[in-house]
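We use all heavy atoms of the structure for the numbers below, so side chains are in, but hydrogens, waters and symmetry mates are not. Quick note: residue numbers are just sequence positions, from 1.
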Amino acid sequence: MTMNFEEKVLQGLLKCGVSAESVSIKTPLGVAVSGGADSVSLLLALSRIFSPDFIKVITVNHGIREKSQTDGDAAFVKDFCKKLGIFCKEKVFEQGQIQKIAEARRKGIEEAARFKRYEAFEDFIKEENLVGLCLAHHQGDVLETVLMRFFNGSGAEGLSGIASRREKYLRPLLEINRQEIESYLVQNNISWCTDSTNSQNDYARNKIRNLLVPFLNENFPQWQEGLVSASEKFQADKLFFEAVVSQKLQKLVKEQTETEIVLDLDKFCSLDFALK
């Protein structure tokens with residue numbers, strides 16, 4: 001039996017370890033909403049699964065793009081939440097603030113934006129006593145992430161894709177693709193915002209999305225299924241190595257304090273390359 005979009009979202013939540021019974025007024029479910037199709041579809045589906053009182057939304061205004069665009073996206077999210085009867089908190093960064101943080105951290109604007117965004121998320125989770133905060137990463141994001149990490153030389157850990165759950169962060173859309181997301185919104189006559197920077201190839205992820213993925217789609221029709229399958233195998237490898245390394249580590253430790261661990265060098269060097 002084919003599941004509809006909302007059933008898939010609920011199934012995705014279950015895979016994240018969150019049951020419908022665990023969500024309540026006292027332990028609401030959080031949703032990070034940017035205004036893009038992915039997060040808007042997630043919020044719409046959750047609003048039809050749960051009572052509006054059971055959901056809390058956070059939207060982050062990074063102040064990276066032109067003020068009219070960033071403010072416009074935030075206004076769209078707040079208005080959409082108002083129509084749904086759902087609480088919405090906006091976290092605002094002043095124009096130029098993220099750029100200054102990027103310069104101080106020396107890791108680029110994308111990394112700085114993510115760093116501050118997750119700081120805001122952590123505060124929101126604690127303030128609202130959330131059972132979890134839903135993020136709108138979908139199947140396409142998984143594929144892009146695996147490709148990007150492959151080009152960066154990652155091993156099994158990086159190539160295993162995006163985890164459905166990390167602590168309080170939940171990703172119930174990982175098995176849903178972009179076409180399903182947009183079709184769901186169109187069927188329900190719901191609009192969404194489009195980030196103008198998505199079409200700019202200044203960032204590695206955008207180059208993969210805008211240049212490499214279309215090439216693969218045209219020339220290798222089955223590449224997505226193959227990459228998903230490979231990612232699942234890498235996930236299994238990751239879990240296996242984590243278990244083995246945990247066992248081996250206990251025999252390698254010579255000294256351990258609060259700030260450092262000293263390993264037996266000879267025993268370490270004798271390990272298989274993959275374990276090292």
Legend entry - side chain to side chain contact (heavy atoms under 4.5 Å, CB included) assessment of Leu43 paired with Cys81: CA-CA 9 Å; Leu43 177 57; Cys81 288; 3.9 Å; yes

Inset, instruction - Test Val146 against Phe234 for side chain to side chain contact (heavy atoms under 4.5 Å, CB included), laying out the working first. - result: CA-CA 10 Å; Val146 172; Phe234 281 123; 5.9 Å; no

Inset, instruction - Kindly indicate, with the supporting measurements, whether the criterion side chain to side chain contact (heavy atoms under 4.5 Å, CB included) is fulfilled by Gln99 and Ile109. - result: CA-CA 6 Å; Gln99 285 86 338; Ile109 290 179; 3.8 Å; yes

Legend entry - Residue pair Leu170, Val131: steps toward the side chain to side chain contact (heavy atoms under 4.5 Å, CB included) verdict: CA-CA 10 Å; Leu170 317 173; Val131 68; 5.5 Å; no

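The distance from the CG atom of Asp53 to the CZ atom of Phe87 is 12.0 Å, given to the nearest 0.5 Å. Once rounded to the nearest 0.5 Å, the distance linking CG of Leu216 with CD1 of Ile208 reads 10.0 Å. Distance check, rounded to the nearest 0.5 Å: CG of Leu227 to CD of Glu232 gives 10.5 Å. To the nearest 0.5 Å, the span separating CG on Leu135 from SG on Cys16 amounts to 9.5 Å. Note: Asn206 CG to Glu144 CD = 8.5 Å, rounded to the nearest 0.5 Å. Note: Leu44 CG to Tyr184 OH = 3.5 Å, rounded to the nearest 0.5 Å.
Looking at heavy atoms from C-beta onward, Leu173 lies in side-chain contact with Ser41 at the 4.5 angstrom threshold. Counting heavy atoms from C-beta outward, Leu252 and Ile261 have side chains that stay 4.5 Å or more apart. Here the side chains of Lys56 and Leu133 are not in contact, with every heavy-atom distance at 4.5 Å or above. Taking the side chain as every heavy atom from C-beta outward, Glu127 and Ile58 never approach each other to under 4.5 Å. Between Phe80 and Val57, the closest side-chain pair of non-hydrogen atoms is not below 4.5 Å. Between Leu14 and Ser19 there is a side-chain heavy-atom pair separated by less than 4.5 Å. Counting only heavy atoms from C-beta outward, the side chains of Leu143 and Val213 never approach each other to under 4.5 Å. Here the side chains of Leu239 and Glu242 are in contact, with some heavy-atom distance below 4.5 Å.
Pairing each heavy atom of Asp141 with each of Ala136, the nearest pair is OD2-O, 4.0 Å. For the pair Ile86 and Ile55, the tightest heavy-atom approach, listed with the atom from each and the gap, is CG2-O, 3.6 Å. Between Gln139 and Glu175, the shortest heavy-atom distance links the atoms NE2-O, 4.3 Å. The minimum heavy-atom distance between Ser22 and Thr27, with the atom names listed, is O-OG1, 3.0 Å. Across Ser47 and Leu84, no two heavy atoms sit closer than the pair OG-CD2, 3.9 Å. Shortest non-hydrogen contact noted between Ser160 and Ser231 is O-OG, 3.0 Å.
Side chain of Arg178 to main chain of Glu180: no donor-acceptor pair is present (N/O by atom type, distance under 3.5 Å, no hydrogens or angles). Side-chain N or O atoms of Asp73 include none that pairs as donor or acceptor with a backbone N or O of Asn61 at under 3.5 Å. Side-chain N or O atoms of Lys168 include one that pairs as donor or acceptor with a backbone N or O of Leu130 at under 3.5 Å. Side chain of Asn219 to main chain of Phe215: a donor-acceptor pair is present (N/O by atom type, distance under 3.5 Å, no hydrogens or angles). Remark: side-chain polar atoms of Glu7 are paired, donor with acceptor, to backbone N or O of Asn4 under 3.5 angstrom.
The environment of CD in Glu225 is crowded: more than 12 heavy-atom neighbours from other residues, nucleotides or ligands sit within 6.0 Å.
The same ILVMFWY cluster, assembled from side-chain heavy atoms under 4.5 Å apart, contains both Val253 and Val245. Cluster annotation: Trp192 is connected to Leu42 through the hydrophobic network of ILVMFWY side chains, with a link wherever side-chain heavy atoms come within less than 4.5 Å. Put simply, Val244 and Leu263 are part of the same group of oily side chains (I, L, V, M, F, W, Y) that touch within less than 4.5 Å, one to the next. When the side chains of ILVMFWY residues are joined at heavy-atom separations under 4.5 Å, either directly or via intervening members, Phe5 and Leu29 end up in a single hydrophobic cluster. Hydrophobic clustering (side-chain heavy atoms under 4.5 Å, transitive across Ile, Leu, Val, Met, Phe, Trp, Tyr) keeps Phe268 apart from Val262.
Residues Lys83 and Asp79 are paired through a salt bridge, judged by an N-O separation under 4.0 Å between the basic side chain and the carboxylate. Salt bridge absent: Glu128 and Lys89 never bring a charged side-chain N and a carboxylate O closer than 4.0 Å.
Applying the ring pair (Phe, Tyr, Trp, His ring centres under 6.0 Å) test to every pair with at least one member in residues 29-70, sequence neighbours left out, gives no pairs at all. For residues 125-178, every residue pair satisfying the ring pair (Phe, Tyr, Trp, His ring centres under 6.0 Å) rule, not counting sequence neighbours, is listed here: Tyr118-Tyr169.
For the pair Lys91 and Phe93, the cation-pi criterion (under 6.0 Å, within 45° of the ring axis) is fulfilled.
Checking Val18, Ile49, Leu46 one by one against Leu10, the side-chain contact (heavy atoms from CB on, under 4.5 Å) holds for a single residue, Ile49. A side-chain hydrogen bond (donor to acceptor under 3.5 Å, both in side chains) with Glu111 is found for exactly one of Arg106, Arg105, Lys116, namely Arg105.
For the side chain to side chain contact (heavy atoms under 4.5 Å, CB included) test, no residue two or more places apart in sequence or in another chain qualifies with Lys82.
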